Amino acid sequence: MKRIANTIRDIKEYPSALIGLSIIMILIAVSIFAVIYMPYHRAIALWKGADNIWMDNPRNASPAWVNLLPGINIPETIVVDSAGQPGIKTITPIAAETKTVDFRLGFDYTYGEFPKEINIFFTAQYEEIPPHLDLIWHTPDGRSISLDSQTPKHSSTYRVSQSSRLQRRTGGLTPHIGLLAKPGSKPEVPLQGKYELEIQGLTFEEAADFEVKLVVYGHVHGLAGTDHLRRDLLVALLWGTPIALAFSLVAAVGTTIFGLIFAAIGVWYGGWLDGLVQRLTELTMILPALPIYIMVGLFVSRSIWVILLTVILLSLFSGSKIYRAMFLQIKEAHYIEAARAYGAGDFRIILRYLIPRIIPTLIPGFVTAIPIFVFLEASLALLGVGDPVLPTWGKVLSEAQANGALHMGHYYWVLQPAVLLLITGLAFAAFGFALDRIFNPRLRGL
Amino acid sequence: MQNNVLLEVNNLKTYFEMKKWGFVSIGHVRAVDNVSFNLKQGEALSVVGESGCGKTTLARTILGLYRPTSGDIVYDGKSINEFSKGEIKAYRAQLGYVQQDPYGALPPFMDVRRILAEPLIINGVKSRQEQEKLIERALTDLKMTPVEDFLPKFPHMLSGGQQQRIVIARAKILGPKLIVSDEPVSMLDASVRIEILQLMRQLQEEYDLAVIYITHDLSTVRYFSERILVMYGGKIVEQGPVQEFLDNPSHPYTQALLEATSDPDPKNAETFKKVPGGEPPSLLNPPPGCRFHPRCSYMIEGLCNREEPPDFIIKENHSAACWLYR
Amino acid sequence: MEKNKKIFNVKDLCLYFQTKRGPVQAVDQVSFSLVCGRTIVFVGESGCGKTSLARAILRLLPRNVHTYSGKVFLNSINIMALKEEVFRKEIRWVKAAMVPQAAMNALNPVIKVEEQIAEPLLVHDLVQTKDEAHKRVVEACRLVGLPLDFLGRYPFELSGGMRQRAAIAMALAAKPDLVVLDEPTSALDLLTQANIMNVLKRIKKETGITFILITHDIGTSSELADDAAVMYAGQIVEKSDAAHFFTEPLHPYAEKLMASVPTLREDKELDFIPGQPPSLLNPPSGCRFADRCHKRFDKCVYEPPFLEVKKNHWVKCWLYE
């Protein structure tokens, strides 16, 4: 216990270690938060993006916090839904089972830029005959533009921005520009003020009803923005943290422990066993790791667990050269001889006398090795052998690259996962190097 | 008399093969070459010699850490040559081992409690209570009280003397009949050396232990052992009871050792020591005949450099391997 | 040369090291003087500051020095006041040399013995030609008993005793006035040790060089000592001539230390000192030995003065006030 206390006291003297450790703590906190806030299955489902769950999000939107920068006012997404506002509907029966259902969905548009796109979503309840809807767009300056009439199915979408008929009516402008443009402005600027979408509906059944949701897509979304599939990148950035940490930790632990054990066995028994361990070590040193991962990804499975297993298998012997040198020294230690004298067996000596001796010197290396595996996972994802279902940082990077994010100016898409990778690496490196100075005092400057 | 002999070493040889390029044998290092002696129950025997004379190899062979090349070690009536690997382990546990460097002899990552519990756990003392009892007794025997203060300490928190006491406590915790101590105080400060040696002496008397005390320091020998055995070049050159040995050193090498040992005496500054020059022999290619003959001023040409001297009896129990006494 | 000239005088020498937990007072207010041609022996247990004293005298300091103060007079020059450059050029090796601990293992394994012994001569421009250097090397080798045919060999081809002789020859080649020997025989075998001691004794007789011998081995120290001093916890607690020192030590620590040395030629009652020396980080304010002293009394809580009890016999203890 006192040793741990001493180590903590030592750490306090290295600001880099403190910074590194705090970042690691934050990453761990984020991981725990991610796992609790967004359980695994939900995260996977969200990332898969089935059932149009992301339909309210704009495509390729920057993170919303860019609006906090002075002088920037980029449109955010505006959603107006009749379902959330009971009592706005004016229902008038006009025939036996026929009713008119009228209401208006209003919103204030205060941005200096046009929205990214406009969609209107309908949900309708009916037995046989769907309701019929006329849609009229009221601008702040009192103009009314009628949109395409709709006969919504149980669930349907009117893609305003893609309606070519509407485009003709708005003077050849893309509808989401035409509908909001100040008349006569060239180039077009949006007219600010209160817009209304008037819905004049006709239902033909006693129990029939419908709801309308107007979505005026902005250019920014959420904390992390969205990708080309309208998915909130926050899911991947949040969930990428526990995955990156778990992957690298398991990989680092696995490679270290096996390397240690094999080296210890080789050194302790000597002879042909030592030879075998050394030859295997040399063999793994010359094996080209990256192509092997890619092949495993292509032919076996792209599951992160399979890749993890491959990483560990490939580095079973990787550390043993360094450990061997240490063990050769420790093997001659007097306390080992003493242990032999009081009857300790081979396995006890290896596990309780040889290995614990080098653990302190190993911890720094272990900590600095963690980011290597974080980067490895990201690199593999970038090379297209990332896990197909898991939201990881590497996956985000890979998709950003595949969709020409940088070319299209979606810097946030690349920068966010890259920065996360970078600070993770920096944090572990800073912490590890400081630990190295603490555990191996010879490296300390005088 | 014969029945209380605890350890009998007969014509013991421990050689190490020297290899060139990893496989071509270029001879043997004769670290222990034809050594015979007896040790009685409760007796303290000093083994004296300079570094490289084979005394540490002798100790390790007796402890079962090296297998003898030939010869026999009989402990408590049983020859260790006939032991299987498991029996060797059990045999090792019956002997206590105290090493030279106390800090190196203690695993730095274990606390005192753990260090002392290890031999117990390994040798089947499973009950926690039993362990605590034995640990407490071992520490009390070595005057490490209050025991609770020392149990949670790590070796680096202890002084050299305290570390060595832990090493001794560990050596005797299993209740051995024989303790082999290899230069137990040579790395300690003068003021604590005596304390450690006196503690060992007390333990020896209290528990009727046999002790093999390996040292290069002749001046401590008279206080802590009954019998002495001098080794040179892998062989015993002289052995006998301490007082007789000090009064009547017979082998020229022993005489040189005694001459070279300084007592604190201001008169020393005025005289030169009569000691031979030269170096101890190589154990890989020892000189023929008496191994000391190249440095010996009494060398008899044609005898000492040809034929190996046998043990000549000087007095009862006192013998020297030197042709001067033929 | 005047017979009783004091060639060496140390006054209030302090050497503290900076550590993370504060300054370590390795050498604290050490004062002593030395008459030309006499050898002084410093004895003490490990960590008492004797090696630091040697380094402080020759200004061979590590980088973490906290305090380095006092006066060191060599031939009436305060060498502490000299600039590093001057000290290095004119004092170290030239006037005062040192044989460090385990010097025999400090020889450069790829340089021949002769070049190694000649090195300090060439560095300090003490010789102009190679012949002259060779002459000085041969002279030094004769002094230490190093056979001349070893000069062409490499250090690893020599035995420990011979390497130690080479290391001593290296210190002697420049004919310094003062040589500090730090545990010159501790890693050697008994017979070799005795041989080296014989060599040092002969050098002392033949050349009149002043030696400062630092050792933990009290028995061996008596071989060379004209004067002797005991160090405890960074301070000198007793200093006298050898005759008094080895037979009737006055300071309780020296007394006990002497009683703890086993002797070969007589059977005496051995004693030991319980406890451990104090930490040099925060040494006790009074007498530093008080905690372990069997003769302590009220006054020991104050720092005792270093008193000349008899002629040339100094003791730092209240008992002799």
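Nothing here was measured: the structure is a model prediction, and the numbers come from that model. Each chain gets a letter, A, B and so on, in the order the sequences are listed, and its residues count up from 1.
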Novice: Crowded around A/Phe347 CZ? As in, over 12 foreign heavy atoms under 6.0 Å?
Specialist: no

Novice: If I measure from the heavy atoms of chain B, does A/Arg357 come under 4.5 Å with its side chain, its backbone, both, or neither?
Specialist: both

Novice: Count the heavy atoms of every other residue, nucleotide or ligand shown that sit under 6.0 Å from CD of B/Glu17, and state whether that count exceeds 12.
Specialist: yes

Novice: Is it the case that over 12 heavy atoms from other parts of the model lie below 6.0 angstrom from the CZ atom of A/Phe258?
Specialist: no

Novice: Counting heavy-atom pairs closer than 4.5 Å to chain B, which one of A/Gly345, A/Ala341, A/Ala344 comes out on top?
Specialist: A/Ala341

Novice: Quick check: closest heavy atoms across B/Arg92 and A/Arg340, and the distance to 0.1 Å?
Specialist: CD-O, 3.1 Å

Novice: Heavy-atom distance under 4.5 Å to chain A: side chain of B/Leu65, backbone, both or neither?
Specialist: both

Novice: Near A/Phe433 CZ, under 6.0 Å, is it more than 12 heavy atoms from other residues, nucleotides or ligands?
Specialist: no

Novice: Please find the pair of heavy atoms, one from A/Arg352 and one from B/Met110, that lie closest to each other, and give the distance.
Specialist: O-CE, 3.7 Å

Novice: Would you compute the distance between atom OH of B/Tyr103 and atom NE2 of A/His334 and round it to the nearest 0.5 angstrom?
Specialist: 13.0 Å

Novice: Working to the nearest 0.5 angstrom, can you tell me the gap between A/Tyr335 OH and B/Asp101 CG?
Specialist: 12.5 Å

Novice: With chain A as the partner, which of B/Ala93, B/Ala105, B/Gly64, B/Gly86 has the greatest number of non-hydrogen pairs under 4.5 Å?
Specialist: B/Ala105

Novice: Measuring heavy-atom distances to chain A, does B/Ile121 have an atom under 4.5 Å in its side chain, in its backbone, in both, or in neither?
Specialist: side chain

Novice: What part of B/Lys153 gets within 4.5 angstrom of chain A, counting heavy atoms only: side chain, backbone, both, or neither?
Specialist: neither

Novice: Would you say that more than 12 heavy atoms from the other residues, nucleotides or ligands in this model lie under 6.0 Å from the CZ of B/Arg137, or not?
Specialist: no

Novice: For the atom pair CG (B/Asn123) and OH (A/Tyr342), what is the distance rounded to the nearest 0.5 Å?
Specialist: 10.0 Å

Novice: Where is the tightest heavy-atom contact between B/Gln99 and A/Ala338, given as atom of each residue plus distance?
Specialist: OE1-CB, 3.4 Å

Novice: Is A/Asp346 paired with B/Lys89 through a side-chain N to carboxylate O contact shorter than 4.0 Å?
Specialist: no

Novice: With a sphere of 6.0 Å drawn around CD of A/Gln329, does it hold more than 12 non-hydrogen atoms of other residues, nucleotides or ligands?
Specialist: no

